[in-house]
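What you see is a predicted model; the values in this text were computed from it and never measured. For reference, positions follow the sequence shown, starting with 1.
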Amino acid sequence: MGWGFQIEKPGSTGWGNTFSLEVGGLGLDADGVNGRLPVLGRSGSGKSTLLYLLTFMKKPRSGVVHWSFPDGHQAAWGKRGLVGRYSTLNLTEIRRRYFGFAYQRSTLTPYLTVRENLRTPLLLRGELGNREIEEKVAEGVNKILMAGQSSGRSRGEDSLEKFMQRYPNELSGGQLQRVALMQAMIHDPVVLFADEPTGSLDAATRKEVMGVVDQWLEQGDRLLIWVTHHLSDAMDPRVTHRIVVSHGRCHLQRNEGAQLNPGKLLDG
Ligand SMILES: Nc1ncnc2c1ncn2[C@@H]1O[C@H](COP(=O)(O)OP(=O)(O)OP(=O)(O)O)[C@@H](O)[C@H]1O
């Protein structure tokens with residue numbers, strides 16, 4: 001195996017007595033899935049819960065989640081947290097350099113402006129000077145705001161500078177989603193996790209925003225794991241596999257369009 005994740009058998013996670021998800025045996029070679037892995041399933045099936053587990057935010061009840069990264073570093077996550085004997089990284093390093101998250105409930109900090117929210121992951125990564133950080137933030141905002149412009153929409157009189165001074169509660173749902181996605185990827189993580197990252201966007205803007213993610217993926221040794229309800233994502237010819245969450249279990253399926261039952265997987 002090159003790099004990717006593997007969950008030991010038996011493996012499970014859940015919320016109290018109300019929800020349990022079997023995850024044992026789930027795993028993948030990131031090179032083998034062409035850098036993109038959609039997660040599909042009905043509303044409430046456990047897709048977000050699976051993402052929390054894979055990002056080391058929620059502990060498994062049993063089993064261990066093993067990640068190996070393209071640079072050879074390893075990390076393992078069990079019921080007591082990080083498993084020291086299998087990990088060459090600590091949690092802070094993993095979160096600052098290897099993982100990026102854009103979750104359904106906005107990951108933006110409400111009392112920081114768009115600029116400050118986007119600066120934070122770059123500051124935490126600690127590799128760039130102030131000027132380079134400013135340039136990256138402006139470039140990032142430009143990329144995501146340009147998405148949507150070519151489809152005839154305008155951001156009105158707002159200049160880039162004014163937009164960067166806004167607070168999250170001064171953004172539309174679609175703008176919020178785009179800034180949150182940029183925040184999750186601005187520090188160039190190895191794995192980008194996104195929970196319905198384009199749910200509030202119209203089809204044209206969605207395509208353009210996903211184009212920004214595609215550019216990030218093109219540099220290689222990157223993996224996008226994203227929850228989606230869009231049939232077009234699941235059927236994308238570049239997608240070789242998908243995770244389907246159903247009836248308390250997770251399955252890694254090959255992307256063979258005929259097997260997909262949209263009514264079962266994509267509603268909600
Ligand atoms: N913090 C929590 N505390 C208790 N139960 C939770 C919590 N978060 C989620 N759940 C429960 O776990 C189950 C799975 O939820 P989850 O959010 O993972 O589903 P989902 O597939 O992402 O749903 P959706 O597509 O609607 O976002 C649901 O029954 C939900 O009510």
Side-chain angles (χ1 to χ4, degrees), residues 2-5 30 35-37 51-58 65-77 81-82 84 86-103 105-145 147 160-161 163-168 171 176-195 197 209-226:
W3 69 281
F5 73 86
R36 31 189 113 231
L37 184 71
L51 256 54
Y52 294 143
L53 177 76
L54 292 176
T55 52
F56 295 2
M57 289 185 178
K58 178 156 190 35
V65 183
H66 294 267
W67 270 100
S68 54
F69 297 106
D71 61 5
H73 276 295
Q74 314 263 338
W77 182 243
L82 203 67
Y86 298 135
S87 302
T88 57
L89 298 164
N90 63 40
L91 275 183
T92 308
E93 290 168 323
I94 295 166
R95 288 178 180 152
R96 287 184 179 175
R97 299 181 48 201
Y98 292 83
F99 290 163
F101 325 97
Y103 283 158
R105 286 181 202 130
S106 175
T107 29
L108 299 178
T109 306
Y111 52 83
L112 296 181
T113 62
V114 167
R115 168 185 275 120
E116 290 161 344
N117 264 292
L118 293 180
R119 280 173 61 86
T120 306
L122 294 169
L123 283 171
L124 289 173
R125 185 153 179 153
E127 288 167 2
L128 299 179
N130 211 23
R131 198 166 145 185
E132 290 160 296
I133 290 181
E134 275 304 307
E135 280 169 12
K136 269 215 171 290
V137 168
E139 186 194 334
V141 172
N142 223 350
K143 273 189 192 165
I144 47 164
L145 284 188
L160 188 70
E161 182 53 39
F163 184 84
M164 292 202 292
Q165 286 171 17
R166 291 212 221 163
Y167 288 89
L171 303 178
L176 202 64
Q177 231 173 6
R178 278 180 273 172
V179 174
L181 185 62
M182 183 45 70
Q183 190 201 42
M185 60 190 293
I186 198 162
H187 61 304
D188 190 21
V190 177
V191 191
L192 173 60
F193 296 90
D195 202 342
V209 167
M210 288 311 278
V212 176
V213 177
D214 289 343
Q215 278 175 19
W216 166 81
L217 279 174
E218 273 160 22
Q219 61 187 315
D221 282 344
R222 297 290 180 272
L223 174 63
L224 168 69
I225 300 184
W226 84 116

Checklist entry - Which atoms form the tightest heavy-atom contact between Met182 and Val212, and what is the distance? => result CE-CG1, 4.0 Å
Checklist entry - Taking atom CG of Asn117 and atom OH of Tyr167, what is their separation to the nearest 0.5 Å? => result 10.0 Å
Next on the checklist: Would you say that Arg36 contacts Asp214 through its side chain, given a criterion of any heavy-atom pair below 4.5 Å between the two side chains?
Outcome noted: yes
Checklist entry - Looking at CD1 of Ile133 and CG of Leu123, how far apart are the two atoms once the value is rounded to the nearest 0.5 Å? => result 4.0 Å
Checklist entry - Which class fits the ring pair Phe99 and Phe101: parallel under 30°, tilted 30 to 60°, perpendicular over 60°? => result perpendicular
Checklist entry - So, do Leu118 and Val179 sit near enough that their side-chain heavy atoms are less than 4.5 Å apart? => result yes
Checklist entry - Testing Arg97, Arg96, Gln183 for side chain to side chain contact (heavy atoms under 4.5 Å, CB included) with Pro121, which one passes? => result Gln183
Checklist entry - Distance-only, no hydrogens or angles: does the Trp67 side chain make a donor-acceptor pair with backbone N or O of Leu54 under 3.5 Å? => result yes
Item to check | Taking every non-hydrogen atom, the tightest pair across Leu108 and Pro168 | outcome: CB-CG, 4.1 Å
Checklist entry - Under a 4.5 Å cut-off applied to non-hydrogen side-chain atoms, are Ile225 and Phe5 in contact? => result yes
Checklist entry - In Å and rounded to the nearest 0.5 Å, what is the CG to CD1 distance from Leu89 to Ile94? => result 5.0 Å
Item to check | Pair Asn130-Arg119, side chain to side chain donor-acceptor pair (under 3.5 Å): steps then yes or no | outcome: CA-CA 9 Å; Asn130 211 23; Arg119 280 173 61 86; 3.0 Å; yes
Checklist outcome for this item: So CG of Leu128 and CG of Leu122: to nearest 0.5 Å the spacing works out to 6.0 Å
Item to check | Lys143/Glu139 ion pair, N-O < 4.0 Å | outcome: yes
Checklist entry - Do the side chain of Thr107 and the main chain of Ala102 share a donor and acceptor less than 3.5 angstrom apart? => result no
Checklist outcome for this item: For Ala184 and Pro189, the nearest pair of non-hydrogen atoms, with its separation, is O-CG, 3.5 Å
Checklist entry - Is Ser68 reaching over with its side chain to a backbone N or O of Trp3, donor-acceptor style, under 3.5 angstrom? => result no
Checklist entry - What residues form a side-chain hydrogen bond (donor to acceptor under 3.5 Å, both in side chains) with Glu127, not counting sequence neighbours? => result Arg125
Item to check | Side-chain heavy atoms of Thr88 within contact of Phe69, under 4.5 Å | outcome: no
Checklist entry - When you measure from the side chain of Arg95 to the backbone N and O of Phe56, does any donor-acceptor pair fall under 3.5 Å? => result yes
Checklist entry - Taking atom CG of Leu37 and atom CZ of Phe193, what is their separation to the nearest 0.5 Å? => result 10.0 Å
Next on the checklist: Would you compute the distance between atom CG of Leu176 and atom CG of Leu171 and round it to the nearest 0.5 angstrom?
Outcome noted: 5.5 Å
Next on the checklist: Tell me the closest heavy-atom pair linking Val213 and Leu192, and the distance in Å.
Outcome noted: CG1-CD2, 4.3 Å
Checklist entry - For Tyr86 and Gln74, which heavy atoms make the closest approach, and how far apart are they? => result O-CB, 3.4 Å
Checklist entry - Which pair of non-hydrogen atoms, one from Leu217 and one from Leu224, has the smallest distance, and what is that distance? => result CD2-N, 4.0 Å
Checklist entry - Do the non-hydrogen side-chain atoms of Asp188 and Gln219 ever get within less than 4.5 Å of each other? => result yes
Checklist entry - Just by distance, do the side chain of Glu116 and the backbone of Thr113 share a donor-acceptor pair under 3.5 Å? => result yes
Next on the checklist: When you measure from the side chain of Thr55 to the backbone of Tyr52, do you find a donor-acceptor pair of N or O atoms at a distance under 3.5 Å?
Outcome noted: yes
Checklist entry - Counting only heavy atoms not in Lys136, do more than 12 fall under 6.0 Å of its NZ? => result no
